[in-house]
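As the structure is a computational prediction, the values presented were derived from the model and not from experiment.
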Amino acid sequence: MAGPSLRPHVHWAQRHRELYLRVELSDVQNPDITITDNVLYFKAQGHGAKGDNIYEFQIEFLEPVEPKPLYKVTQRQVNITVQKKESNWWERLTKQEKRPLFLAPDFDRWLDESDAEMELREKEEEKINKMKIESRVPKDPFKHLKKGYLIMYNLVQFLGFSWIFVNMTVRLFILGKDSFYDTFHTIADMMYFCQTLALMEILNSLIGLVRSPLIPAVIQVFGRNFILFVVLGSLEEMQSKAVVFFVFYFWSIIELFRYPYYMLSCIGIEWKPLTWLRYTSWIPLYPLGCLAEAVCIVQSIPIFSETGKFSLALPNPLNVTIQFSFLLQVYLIALFLGLFVNFRHLYKQRRKHLGPKKRKMK
């Protein structure tokens, strides 16, 4: 059972606008910290100079303060910040002239008035310099036009890939595995539209309209378009294969989270579940999509070898033919290298958006 209440050791320091109190208590539980009629009341269970007990104190401030203190509880102490109502320098902390025995200066944060004024001037100068720098930056007259364009672009892409995903899902439930073999003939037109429009992402990054790095955008857009237009679009034999379903399905699921996230970001809205999905769903989906693309290429190599399509015959006397199927084998290596580049980029983005946040004062 806890003993009688005791006073902890309290250290204080000040600035022109703030007061700092450091209460020497460890393992604090249930702190009750309030300011009423310019008096700070503190009460908490914790381990102090007299062991584990209930510690409490009160301080009547010399001049008026704001009634809402901020505090942060750590393992070894409680840090309290109190805002003064007027910016000035106090000759002492308490209204009573005699300093309470439990109260002492916090020499780790202590400044005299001249030092505090210098610190205040430095902060003001830094603020003024920042405002000057911001004022020198020319305002973009096309800011709203650019934002409107990005919102519309992401909205159109989201609707397009949503149509693809819903269409493929409904057909899968109705037709089962039979839907695998006519995916291209059913979905290709919309996929052509979305992937052609995706070329704008490279342009957006190139001209600085978005802050996304250029290389990952180039790898993804050109990689997908190579599969869609060259491997699938040019070979009728490939268009009826089941792997087309998985390529299109993985592409569409990824974009269901990516484009809405970017669209909301354009208007300064962050929905945490969507952010989590945007920077987590790629972990299984990107490797699966890359694997489906690799299977698609492997299945197309014998067809390109047999037909000689896109093969390049060099003129005599060399009489050498560069087989397109050989280039596809080289592309397979580039495909997985591109996956590594995008994986590293997305991992950094995930740490940035979903990494641990710094603790804030209550």
Side-chain angles (χ1 to χ4, degrees), residues 1-120 122-123 126 270 272-273 275-276 351-362:
M1 186 173 180
S5 62
L6 302 167
R7 288 189 177 89
H9 293 301
V10 181
H11 302 272
W12 79 283
Q14 68 170 315
R15 298 294 185 271
H16 284 83
R17 285 293 303 172
E18 295 174 325
L19 300 169
Y20 306 112
L21 301 175
R22 175 163 54 87
V23 185
E24 296 295 334
L25 279 181
S26 60
D27 301 323
V28 170
Q29 300 177 11
N30 305 319
D32 183 11
I33 305 171
T34 58
I35 294 178
T36 304
D37 297 329
N38 215 45
V39 178
L40 172 72
Y41 296 92
F42 176 95
K43 185 176 182 180
Q45 177 81 31
H47 191 85
K50 299 295 183 179
D52 191 57
N53 212 316
I54 295 176
Y55 291 83
E56 61 181 325
F57 67 87
Q58 63 184 49
I59 295 174
E60 184 176 5
F61 294 110
L62 177 65
E63 296 184 18
V65 298
E66 299 293 342
K68 294 182 179 180
L70 300 175
Y71 66 91
K72 179 180 179 181
V73 179
T74 68
Q75 188 175 0
R76 296 184 178 181
Q77 62 195 25
V78 180
N79 296 313
I80 306 172
T81 302
V82 179
Q83 296 288 331
K84 299 176 181 179
K85 282 198 172 181
E86 295 184 2
S87 178
N88 55 35
W89 195 258
W90 293 5
E91 62 181 18
R92 62 179 183 273
L93 178 65
T94 60
K95 192 168 186 179
Q96 66 183 76
E97 293 187 8
K98 186 177 180 181
R99 177 174 60 83
L101 295 177
F102 66 88
L103 191 63
D106 186 350
F107 292 108
D108 291 337
R109 304 193 69 167
W110 193 266
L111 293 178
D112 58 28
E113 185 174 3
S114 60
D115 292 334
E117 288 177 352
M118 185 177 297
E119 182 185 75
L120 186 62
E122 289 176 353
K123 289 182 178 179
E126 183 180 348
E270 181 181 3
K272 290 185 178 180
T275 302
W276 186 88
R351 288 187 61 185
K352 177 181 176 181
H353 290 85
L354 301 181
K357 302 289 188 300
K358 293 181 179 179
R359 294 181 63 185
K360 297 182 179 179
M361 297 183 78
K362 293 183 181 180

### Query
side chain to side chain donor-acceptor pair (under 3.5 Å): which pairs involve residues 21-35, sequence neighbours left out?
Arg22-Glu24, Arg22-Asp106
side-chain contact (heavy atoms from CB on, under 4.5 Å) involving [X] - partner list, sequence neighbours excluded:
X: Pro273; value: Trp271
X: Pro100; value: Thr94, Gln96, Phe102, Leu103
X: Trp90; value: Gln14, Leu19, Phe61, Leu62, Glu63, Val65, Lys84, Asn88, Leu93

Within-4.5 Å side-chain heavy-atom neighbours: [X] and [Y]:
X: Tyr20; Y: Arg15; value: yes
X: Tyr55; Y: Lys50; value: yes
X: Leu354; Y: Trp276; value: yes

### Task
List the steps, then state whether side chain to side chain contact (heavy atoms under 4.5 Å, CB included) holds for Ile33 with Val78.
CA-CA 10 Å; Ile33 305 171; Val78 180; 4.1 Å; yes
### Query
Who are the side chain to side chain donor-acceptor pair (under 3.5 Å) partners of Gln83, not counting sequence neighbours?
Glu18
### Summary
For residues 22-42, the ring pair (Phe, Tyr, Trp, His ring centres under 6.0 Å) pairs (sequence neighbours left out) are Phe42-Phe57
First locate atom [atom1] of [X], then atom [atom2] of [Y], and finally report the distance between them rounded to the nearest 0.5 Å.
X: Leu101; Y: Arg7; atom1: CG; atom2: CZ; value: 8.5 Å
X: Leu25; Y: Arg76; atom1: CG; atom2: CZ; value: 14.0 Å
X: Asn38; Y: Lys85; atom1: CG; atom2: NZ; value: 7.5 Å
X: Leu21; Y: Thr81; atom1: CG; atom2: OG1; value: 8.0 Å

### Task
Identify the heavy atoms of Ala44 and Pro31 that sit nearest to each other, and give their distance.
CB-CA, 3.8 Å
### Task
Can you see which heavy atom on Val23 is nearest to which on Pro8, and at what distance?
CG1-CG, 3.7 Å
### Query
Given the rule in the side chain to side chain contact (heavy atoms under 4.5 Å, CB included) test, do Leu70 and Asn79 qualify, once you have shown the distances and angles that lead to the verdict?
CA-CA 8 Å; Leu70 300 175; Asn79 296 313; over 6 Å; no
### Message
Test side chain to side chain contact (heavy atoms under 4.5 Å, CB included) on Gln45 and Asp52; report intermediate values, then the result.
### Response
CA-CA 7 Å; Gln45 177 81 31; Asp52 191 57; 3.2 Å; yes
### Task
Tell me, with the steps shown, if Lys43 and Ile54 meet side chain to side chain contact (heavy atoms under 4.5 Å, CB included).
CA-CA 7 Å; Lys43 185 176 182 180; Ile54 295 176; 3.8 Å; yes
#### Entry: salt bridge (Lys or Arg N to Asp or Glu O under 4.0 Å) contacts touching residues 91-101 (sequence neighbours left out)
Glu60-Lys95
### Neighbour count >12 (heavy atoms, 6.0 Å) for atom CZ, Arg17
yes
